[in-house]
Amino acid sequence: MSRFWSPVVQTLTPYTPGEQPQMQRLVKLNTNESPYGPSPKALAAICSQASDDLRLYPDPESTALKQAIATLHGLNPNQVFVGNGSDEVLAHVFAGLLKHDKPVCFPDITYSFYPVYCKLFDIAYSNIPLGKDFEIHLEDYKRPNGGIIFPNPNAPTGRSITRSEIEKLLASNRDSVLVIDEAYVDYGTQSCIPLLKGAACPENLLVVHTLSKSRALAGLRVGFAVGHATLIEGLERVKNSFNSYPLGRLAQAGAIAAIEDQAHLEETSAKVIHTRTKLVDQLKLLGFETLPSTANFIFTRHPKHAGGKLYQLLRERGIIVRHFKLPRIEEFLRITIGTDEQCNELVLALKEIIS
Ligand SMILES: *Cc1c(COP(=O)(O)O)cnc(C)c1O
């Protein structure tokens with residue numbers, strides 16, 4: 001603490017990301033990174049930018065990247081906003097689109113950065129409880145609100161809802177922005193981006209993506225939002241009041257090549273889905289109960305073994321998963337889907353621990 005802090009700083013409880021331990025030979029299944037590398041074309045594009053040109057500022061508008069994203073999704077480039085990771089995109093969304101008199105609504109169990117942004121920007125929020133099987137009940141969001149945001153699939157549960165359910169909510173929610181955070185959409189969830197195509201694009205739907213998960217570029221820091229051009233214009237105003245150059249030359253070049261390599265994304269996502277199915281089956285044989293997941297992680301508990309204890313014992317064996325000491329989910333482990341080999345090591349360790 002320091003008397004030089006602005007008053008709000010004292011009141012903040014910052015987001016705690018999963019740890020990035022420096023120890024070697026860890027089985028790291030705690031932050032939902034891809035176990036496979038990024039597209040080789042992205043790596044080549046990044047290397048090609050490491051030149052004397054780095055003395056020059058990058059394109060502040062990331063024009064070519066917006067065009068690549070627009071082309072991939074059949075949108076107009078003025079429907080695309082990009083940022084330094086989707087966390088930064090989300091920060092601008094909270095500041096620029098979700099701060100109103102009425103509270104913004106999100107699930108009680110969800111991405112824990114949302115309440116952190118609310119605190120930072122002084123935004124009122126309401127937590128809407130998940131159902132008893134940790135499902136999102138969209139009916140509960142049909143109330144006056146300053147905005148609605150949730151991940152689909154939700155984090156850390158991995159449960160998803162269909163596009164048609166979200167369309168129904170959108171039809172009844174005309175007076176605030178609905179934000180769908182599709183960080184994990186590529187592992188078997190229906191995307192809402194098709195709703196944004198052409199003249200039928202709703203004025204108040206925004207979809208947020210990241211290149212950190214399925215495109216295996218967490219280290220590059222690129223995320224984007226797509227929606228109605230007027231929403232994007234609002235985000236650009238916020239961005240240009242904060243940082244004109246959020247994406248460097250390496251990030252823009254790497255992101256374009258990654259976006260254009262859809263084959264790499266499909267191949268690696270399919271492998272993750274395959275491993276996920278196998279892992280859930282193996283855990284079931286050990287007595288674990290796992291929520292249905294369409295993400296690159298699972299949320300699982302054992303009726304006879306406490307989550308915190310399992311987390312510790314795995315850690316002692318060099319296997320890092322995520323455990324949240326929070327009401328309702330304290331018994332769960334969130335486990336990132338790794339390679340088949342990593343998941344086999346995990347299953348062997350759990351077998352040993354619970355026997
Ligand atoms: C990982 C994650 C993000 C942030 O991703 P970055 O682009 O790496 O900042 C956003 N939302 C959810 C739900 C996530 O899990």
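Both counts, for ligands and for their atoms, begin at 1 and track the order of listing. The figures here come from the full heavy-atom set of this structure, side chains too, leaving out hydrogens, waters and symmetry mates.
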Aromatic centroids of Y184 and Y111 separated by under 6.0 Å: no
Distance-only check: which donor-acceptor pairs under 3.5 Å involve side-chain atoms of residues 115-135, not counting sequence neighbours?
from	atom 1	to	atom 2	distance (Å)
Y117	OH	D87	O	2.7
E135	OE1	D133	N	2.9
E135	OE2	H137	NE2	3.3

Quick check on ligand 1: any N or O pairs to the protein under 3.5 Å? One line per pair.
from	atom 1	to	atom 2	distance (Å)
ligand 1	5 (O)	S86	OG	3.1
ligand 1	7 (O)	S86	N	2.6
ligand 1	7 (O)	S86	OG	3.0
ligand 1	7 (O)	T210	OG1	2.5
ligand 1	7 (O)	S212	OG	3.3
ligand 1	8 (O)	S212	OG	2.6
ligand 1	8 (O)	R221	NH1	2.8
ligand 1	8 (O)	R221	NH2	3.4
ligand 1	9 (O)	S86	N	3.3
ligand 1	9 (O)	D87	N	3.0
ligand 1	9 (O)	D87	OD2	3.2
ligand 1	9 (O)	R221	NH2	2.8
ligand 1	11 (N)	D181	OD1	3.4
ligand 1	11 (N)	D181	OD2	2.7
ligand 1	15 (O)	Y184	OH	2.5
ligand 1	15 (O)	K213	NZ	3.1

Charged N-O contact under 4.0 Å between R322 and E33: no
Kindly list each side-chain donor-acceptor pair under 3.5 angstrom involving residues 345-355, sequence neighbours excluded, with atom names and distances?
from	atom 1	to	atom 2	distance (Å)
E352	OE2	R317	NE	3.2
E352	OE2	R317	NH2	3.2
S355	OG	K351	O	3.2
S355	OG	E352	O	3.2

Pair K325 + E330: basic N to acidic O under 4.0 Å: no
Sequence neighbours excluded - side chain to side chain donor-acceptor pair (under 3.5 Å) pairs with any residue from residues 43-61: D59-T63
